[in-house]
Amino acid sequence: MPELPEVETMVRGLRPALVGQTLHRLTIHDPFLLQGCTAEEIERQGGGAKVTAVDRRGKWVVIALGGCRGSIVIQPRMTGGFWLVPPDRPQHVRVSFGLKRPERTVWFCDARRLGKVAWYATVDDAEAAFARSQGPDALIITPDDLALRLSKTSRGIKPTLMDQKILAGIGNIYADEVLFQSRIHPERPASSLTAEEHNRLHAAIGEVLNRAIAAEGSSFDAGYRTVLGLEGGFLAQNAMYGRGGKPCPGCGGAILKTKIAGLIGRPTHYCPTCQPAIGIR
DNA sequence: CGGTTACCCTGGATGC
DNA sequence: TGCATCCAGGGTAACC
């Protein structure tokens, strides 16, 4: 569920509650989510440790622990999220962070259990794990680097933008928004984009993601909420996602909702007029 | 090697 | 009301 703007909103919400606090107790409620460490290990490292930083890398949440206790990395994936709000214990709790002063609990919940929780012995180890499996963060990548990476594959531009090894942070919602804003058809081969299109795309990525962060992300149905349980406001102002059949804000024509190659079951929304299918099939 | 597709897991919405 | 079916914002492993 969460993409870069939602994870950034989580991190900003977690910081004031966690940074500088001592974790009185860290509890793994569902070892299924663990990757490369045991529940005992991560509970022992986290228990009594002071949180020194909470940061985002792509769609990862990185919680740094002081006193050489390493870093906890949480990937919310589709349905993971953090909760600060008492008094009731939320559903599907997978990890809980017990704090002492003030006495409260921060929960990580994940209905579908697709999320991942890992522990690394040092901050550098966590950083290296990110660099191994993910490309540059979508808000940091340079126009030249983006152009170079896109030039190396003939896959469709949308599945390429969603490939975290190319760049980290963009998922199904923001891929549709970014491609609409840059007027590029989602099935265009990534390597076929022109220099002009690279520039439009890079600008759109920064603009759309920052606008979504300002709105605290995208909520619909019973999905993503901020750490305080509030809905993100981006879907009130977005152009494409979830608006199949409705008028395109650019030309007034109907927005197409469809499925495209390279993305198994995921819906794709685009405007066939504003995002013309140049040189496809 | 590069690209595409099963599949992971579960809950909520929808349809009969 | 009950049950079957489909859908979902992510990511990997295996396949062609």
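Labels below follow one simple rule: chain letters A, B, ... track the order of the sequence lines, proteins then strands, and each chain is numbered from 1.
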Within the structure shown, what part of the strands sits under 4.0 Å from A:Gly265 by heavy-atom distance: base, sugar-phosphate, or nothing?
sugar-phosphate
Rounded to the nearest angstrom, tell me the gap between atom CG in A:Leu235 and atom P in C:dA8.
14 Å
Listing, residues 201-208 of chain A side-chain donor-acceptor contacts under 3.5 Å, not counting sequence neighbours, or none:
unit_1, atom_1, unit_2, atom_2, d
A:His202, NE2, A:Ile141, O, 2.8
A:Glu207, OE1, A:Gln181, NE2, 2.7
A:Glu207, OE1, A:Arg211, NE, 3.4
A:Glu207, OE2, A:Arg211, NE, 3.1

Which value, in whole Å, describes the distance between the C1' atoms of nucleotides C:dG11 and B:dG12?
22 Å
Answer with yes or no whether the side chains of A:Glu3 and A:Tyr224 bring together a donor and an acceptor at under 3.5 Å.
no
Return a single string for nucleotides 11-16 of chain C, one symbol per nucleotide in 5' to 3' order, where B is base contact, S is sugar-phosphate-only contact and - is none, cutoff 4.0 angstrom on heavy atoms.
B-----
So, A:Glu127 and A:Arg57, do they make that salt bridge, N to O below 4.0 Å?
yes
Just call it for A:Pro267: base, sugar-phosphate, or nothing, with non-hydrogen atoms closer than 4.0 Å on any strand.
sugar-phosphate
For A:Thr153 and A:Phe32, find the nucleotide of DNA chain B closest to each by heavy atoms; which residue's nucleotide sits nearer the 5' end?
A:Thr153
Does A:Phe220 stack onto the base of C:dA8, taking stacking as ring centres under 5.5 Å apart and planes under 30° apart?
no
How long is the line joining CG of A:Leu114 and P of C:dC7, in whole Å?
18 Å
When rounded to the nearest Å, what value does the distance between P atoms of B:dG11 and C:dT12 take?
23 Å
Please name the pair of heavy atoms, one in A:Pro5 and one in A:Gly217, separated by the smallest distance, quoted to 0.1 Å.
CB-CA, 4.5 Å
What range of DNA chain B does chain A touch, first nucleotide to last, counting atoms under 4.0 Å from its heavy atoms?
B:dG3 to B:dG11
If you link I, L, V, M, F, W and Y whenever their side-chain heavy atoms are under 4.5 Å apart, who else ends up in the same group as A:Tyr120?
A:Trp60, A:Val62, A:Val73, A:Phe130
In Å, rounded to the nearest 0.5 Å, how long is the span from CG of A:Leu4 to CD1 of A:Ile213?
5.5 Å
Measuring only the P atom in each nucleotide, how far is B:dG3 from C:dG9? A whole number of Å is fine.
23 Å
Gap between atoms CG and P, on A:Asp163 and C:dG9 respectively (whole Å)
17 Å
Side-chain N or O of A:Tyr174 closer than 4.0 Å to phosphate OP1/OP2 of C:dG9
no
Kindly give the heavy-atom pair with the smallest separation between A:Ala190 and A:Thr153, and that separation in Å.
CB-O, 3.6 Å
In one Ile/Leu/Val/Met/Phe/Trp/Tyr side-chain cluster, 4.5 Å: A:Leu34, A:Phe82
yes
Pair assignment for DNA chain C - dot-bracket with | for other-strand partners, Watson-Crick or G-U under 3.5 Å
.|||||||.|||||||
What's the spacing between A:Asp145 CG and A:His198 NE2 if we round to 0.5 Å?
11.5 Å
Linking Ile, Leu, Val, Met, Phe, Trp and Tyr through side-chain heavy atoms less than 4.5 Å apart, which residues share a cluster with A:Leu263?
A:Met162, A:Ile260
Sidechain N-carboxylate O distance under 4.0 Å for A:Asp137, A:Arg56:
yes
